[in-house]
Amino acid sequence: MRVVSGIQPTGNLHLGNYLGAIRNWVRMQDAMPAGDQCLFFLADMHAISMPHDPAELRRATLEMAAALTACGIDPARSILFNQAQVPAHAELQWLLNGTARMGWLNRMTQWKDKAGKNREGASIALFAYPVLQAADVLLYQATHVPVGDDQKQHLELARDIAQKFNTDFGETFTLPEPIIPPAAARIMSLRDGTAKMSKSDPSDMSRINLVDDAELVMQKVKKAKTDPEPLPSEPGGLAGRAEALNLVTIYAALSDTTPEAVLAEHGGQGFGAFKPKLGELLIETLRPISTRFSELLGDQEALDAILARGAAKARELAAPTLEATYTALGLVR
Ligand code: ADP
């Protein structure tokens, strides 16, 4: 089994990123059978498909590497790297551009959504983005790729490209199977239970950042918007109470249980009693993460070393497939 998964580098990481994305990776890594490996990459090469700030991309890439490591991705067990240090991704993309069809890419809903009405002004990278994604997984002969709903179509495309290439030029690529990750918690703003917790919310009180200290976490939880009603004893009683539901969801996600179980235990309590317990749970969970995260952010050398080591392993794994692809296409090396 070989699992390959990528994530766009994003800065100002918060509880939503941790519970909604990063924690799933850590669990995938921990569930891998002995001898099998996960490859986790930071999709920095994808990030240039949209207008971006180079200094910000650099910062976000390092921050994401630090966060993943702090949250439990173990560079000794998994291969953690950024695409830009493994040129084989870009090379294979070019080689696959001969196989991918305009019609296939034109049908991608993400392309249609992101380009909007301004297709003429969109970058070629945005259009060809799914071919780079195909290269990302085919390069390592991935057997399994975790995909959310929004990425299913891109994985299908990767399989179509692999299949056509294998038919036209000989058996070269493994067709990757999707794995549907366990439903991740969707964490909402602490100020508005109907809006996603997000780094772009202008109010810092709306989110718990991975760098927040214990005091600030408790303060944010205590000031979180709620209603005057006590907690119900069953989830049905949270209907129409988005903020209350959000706090219960966070509590359940952190303690690895269900909202039902949280309410069975805490139903009947007012928020004056429940919030400090939630605050404590958050502080306990985040303490080791934020400590390690801050250490790594201040240690450029350690971060560079983690990424360099991952990239070296990735280049080694990628080399035979890249070579086979050149050869299959009749390119003289
Ligand atoms: P933001 O919304 O803060 O800009 P990103 O879009 O950069 O976050 O998200 C990076 C990853 O974190 C994505 O995989 C996304 O699904 C996850 N994520 C972001 N916010 C949340 C949230 N509030 N709840 C659950 N997952 C989230």
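Indexing begins at 1, ligand by ligand and atom by atom, following the structure's order.
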Verify the ring-centre separation between His46 and Phe41: is it less than 6.0 angstrom?
no
For [atom], find the nearest protein heavy atom and state the residue, atom name and distance (0.1 Å precision).
{"atom": "atom 23 (N) of ligand 1", "value": "Ile187 O, 2.7 Å"}
{"atom": "atom 14 (O) of ligand 1", "value": "Ala21 CB, 3.5 Å"}
{"atom": "atom 27 (C) of ligand 1", "value": "Gly16 O, 3.2 Å"}
{"atom": "atom 4 (O) of ligand 1", "value": "Lys199 NZ, 2.6 Å"}

Using a strict 4.0 Å cut-off to heavy atoms of [X], name the atoms of ligand 1 that fall inside it.
{"X": "Arg186", "result": "24 (N), 25 (C)"}
{"X": "Asn17", "result": "8 (O), 9 (O), 10 (C), 11 (C), 12 (O), 17 (C), 18 (N), 19 (C)"}
{"X": "Gly20", "result": "25 (C), 26 (N)"}

Under 4.0 angstrom from ligand 1, any heavy atom of Ala185?
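Contact present.
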If the plane angle is over 60° it's perpendicular, under 30° parallel, otherwise tilted; pick one for Tyr251 and His266.
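Geometry flag for His266 against Tyr251: perpendicular rings.
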Atom 16 (O) of ligand 1: any protein heavy atom closer than 4.0 Å
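Not a single protein heavy atom is under 4.0 Å away.
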Closest candidate by heavy atom, reference atom 2 (O) of ligand 1, pool Arg23, His14, Lys196:
Lys196
Can Phe274 and Leu247 be said to form a side chain to side chain contact (heavy atoms under 4.5 Å, CB included), step by step?
CA-CA 9 Å; Phe274 183 68; Leu247 297 190; 4.2 Å; yes
Take Leu157 and Ile161, measure what side chain to side chain contact (heavy atoms under 4.5 Å, CB included) needs, and give me the verdict at the end.
CA-CA 6 Å; Leu157 182 91; Ile161 292 173; 4.0 Å; yes
Spell out, yes or no, whether Val221 and Leu216 are grouped together once hydrophobic residues are joined by side-chain heavy atoms under 4.5 Å, including indirect joins.
no
Give a yes or no answer on whether the side chain of Arg101 reaches the backbone of Thr99 with a donor-acceptor pair at less than 3.5 Å.
yes
Is Arg292 reaching over with its side chain to a backbone N or O of Cys71, donor-acceptor style, under 3.5 angstrom?
no
Short N/O distance, under 3.5 Å, between Ile7 and ligand 1?
no
Could you check whether Lys114 makes a cation-pi contact with Phe127, meaning its NZ or CZ is under 6.0 Å from the centre of the six-membered ring and within 45° of the ring axis?
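Verdict for Phe127: no cation-pi partner in Lys114.
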